[in-house]
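Down below is the structure, laid out as structure tokens.
As the structure lists them, so they are numbered: ligands from 1, and atoms in each ligand from 1. Numbers for residues simply follow the sequence, beginning at 1.
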Amino acid sequence: MHIDIITLFPDMVQNYFEHSIMKRAQAKQLATINVINLRDYSANKHKKVDDYPFGGGAGMVMSIEPIAACINALKAQRTYDEIIFLTPDGEVFNQPTANRFSSYKNIILLCGHYKGIDERARELFVTKELSIGDYVLTGGELAACVVADAIIRVMPGVLNDETSALSDSFQDNLLSPPVYTRPANYMGHQIPEVLLSGHPIKIADWRHEQALQRTQARRPDLLK
Ligand code: 6GU
């Protein structure tokens, strides 16, 4: 999968993909992440990318011209499955959406900042609007990292057996069970005995039961 991320703050985004599983997915050539500085597409001599809102009001609005120039340049190179704008008024992103997008070949993630982007950029270029939850962030950058991470980690070959996404919380609408590592006794706090039993079926049953209990206690909405 190829992901183009358009942002006014490329460093904020770039660093995230240079670590851990995101780094490994790129090393294995399963994903390519291309972070684009929107300012490079400003035709303005001061590299201006925003302006005052028509009708007045607080905050600046990202202009359509640099967004259009950038997306048109990208579209000349590839066909995109989806051009996604990260915005708190978008559809709330979740695991099924991440799973579905993981089969796409090319996507664009467009990060807004300030008061938002000119509505015509949304109408003319954006095919999908995503939010990562009901709270407001300063910009779409964190959201773009969240969405790209969730998509990439479920792509075939990205995770190995040990880190398999199949046991993630939400994959089966259950939260994950508790996990423990050595020491088995930390200042009198013992791990559950069953995990030392060497009995894989008993351990699997215990984990499933814990997952159910945890989901019932914390997220009963997932069990409906
Ligand atoms: Cl996608 N963007 C911003 N700015 N805030 C958000 C968000 C996105 N999702 C939740 N809050």
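At least one donor-acceptor pair under 3.5 Å links the side chain of Arg39 to the backbone N or O of Lys47. Looking only at distances, no side-chain donor or acceptor of Asp4 sits under 3.5 Å from a matching main-chain atom of Ile108. Checked by atom type and distance alone, the side chain of Lys115 never pairs as donor or acceptor with a backbone atom of Pro53 at under 3.5 Å.
Looking only at heavy atoms of the protein, atom 9 (N) of ligand 1 is closest to Ile132 N, 2.9 Å. Nearest protein neighbour of atom 10 (C) of ligand 1, counting heavy atoms only, is Gly133 O, 3.1 Å. What sits closest to atom 1 (Cl) of ligand 1 on the protein, heavy atoms only, is Thr87 N, 3.1 Å. Ranking protein heavy atoms by distance to atom 3 (C) of ligand 1, first place goes to Pro88 CD, 3.5 Å.
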Exercise for the section: Show your working on side chain to side chain contact (heavy atoms under 4.5 Å, CB included) between Phe101 and Ile84 and close with a plain yes or no. Expected result: CA-CA 11 Å; Phe101 286 9; Ile84 301 163; 3.6 Å; yes

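When heavy-atom distances to ligand 1 are checked against a 4.0 Å cut-off, Asp134 has no atom that comes that close, whether in backbone or side chain. Contacts of Ala143 with ligand 1, taken as heavy-atom pairs under 4.0 Å, involve the side chain alone.
Counted by atom type alone, Thr87 and Asp89 present one or more donor-acceptor pairs between their side chains at under 3.5 Å. Side-chain polar atoms of Asn99 and Ser102 form no donor-acceptor pair below 3.5 angstrom.
Each of Leu38, Ile83, Val13, Asn37 was compared with Ile6 under the side-chain contact (heavy atoms from CB on, under 4.5 Å) criterion, and only Leu38 meets it.
When each atom of ligand 1 is checked for a heavy atom of Leu130 under 4.0 Å away, the hits are 1 (Cl).
Ligand 1 has an N or O atom lying under 3.5 Å from an N or O atom of Leu137, backbone or side chain. Residue-to-ligand polar distances place Tyr135 within reach of ligand 1: an N/O pair is separated by less than 3.5 Å.
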